[in-house]
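Below is one structure, written out as structure tokens, with a few remarks after it.
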Amino acid sequence: MVLENMAVCDLRCVKDVCLAERIEEIRNIGLLILPSEGSCEVKKVLENIKRTNVASEIQAAENERKFWCILRGYAEFGLKSWNLKNKSGTNSF
């Protein structure tokens, strides 16, 4: 199976090695999302899939709420939502 021509390709739901091994190539993808949690075997298979024309690649947890808000287009970017702190414990900006 070739995954191609997508703005976002979310592979966080791939939890089985057999399913991951069916993916032969990933190409023409704007954002590739890989799981940050789960089995090491699945992660290894996903990491070794041939990639062509993948603009960005990130890892995220399946239940990462802030990330889903961004993908669905209703995130409000502000310091409070990102919880950015500097060494003194105050907001960075």
Side-chain angles (χ1 to χ4, degrees):
M1 158 176 37
V2 176
L3 302 175
E4 62 184 339
N5 304 325
M6 291 182 260
V8 178
C9 180
D10 189 349
L11 298 180
R12 292 178 295 165
C13 62
V14 177
K15 298 181 187 324
D16 182 62
V17 174
C18 294
L19 179 59
E21 288 175 340
R22 291 184 58 208
I23 304 170
E24 301 164 15
E25 185 178 358
I26 299 170
R27 63 180 173 224
N28 302 327
I29 303 294
L31 173 62
L32 176 63
I33 307 167
L34 298 170
S36 62
E37 305 169 331
S39 125
C40 292
E41 293 84 13
V42 171
K43 285 183 184 180
K44 186 173 182 175
V45 171
L46 292 174
E47 288 293 327
N48 291 320
I49 295 171
K50 180 182 176 188
R51 292 165 173 71
T52 307
N53 297 328
V54 175
S56 299
E57 187 174 311
I58 62 171
Q59 292 186 351
E62 189 170 5
N63 62 351
E64 204 161 332
R65 184 177 163 139
K66 288 179 188 175
F67 186 73
W68 274 113
C69 292
I70 293 167
L71 279 181
R72 291 183 179 163
Y74 58 83
E76 184 175 317
F77 292 96
L79 296 175
K80 185 177 179 182
S81 64
W82 290 100
N83 196 21
L84 300 173
K85 303 284 181 189
N86 61 22
K87 291 180 184 177
S88 67
T90 59
N91 284 337
S92 298
F93 300 96

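Residues take their numbers from the sequence shown, with the count starting at 1.
Summarising the geometry of S36 relative to Q59, their closest heavy-atom pair is CB-CB, 4.0 Å, with the distance given to 0.1 Å. The two residues M6 and L3 make their nearest non-hydrogen contact at CE-CB, 3.7 Å. Listed here is the closest heavy atom pair of P35 and L11: CD-O, 3.8 Å. When all heavy atoms of K15 and V42 are compared, the pair lying nearest together is O-CG2, 3.4 Å.
Atom-to-atom distance recorded for L46:CG and E41:CD is 11.5 Å, nearest 0.5 angstrom. For the atom pair CG (N28) and SG (C9), the distance works out to 11.5 Å, reported to the nearest 0.5 Å. The CZ atom of R12 lies 7.5 Å from the CD1 atom of I58; values are rounded to the nearest 0.5 Å.
Residues E57 and L34 have side chains in contact (heavy-atom distance under 4.5 Å, counting atoms from C-beta outward). Annotation: side chain of N53 is not in contact with side chain of I29 (no heavy-atom distance under 4.5 Å). Looking at R27 and V2, their side chains come closer than 4.5 Å, going by heavy atoms from C-beta outward. The closest side-chain heavy-atom distance from T52 to E25 is below 4.5 Å.
For D16, the side chain to side chain contact (heavy atoms under 4.5 Å, CB included) criterion is met by C18, L19, not counting sequence neighbours. With sequence neighbours excluded, the residues satisfying side chain to side chain contact (heavy atoms under 4.5 Å, CB included) with E37 are A61.
Looking at K50, its side chain never comes within 3.5 Å of a backbone N or O of I26 through a donor-acceptor pair.
Under the 4.5 Å side-chain heavy-atom criterion for ILVMFWY residues, no single connected hydrophobic cluster contains both V8 and V54.
The number of heavy-atom neighbours closer than 6.0 Å to CZ of R51, taken from other residues, nucleotides and ligands shown, is above 12.
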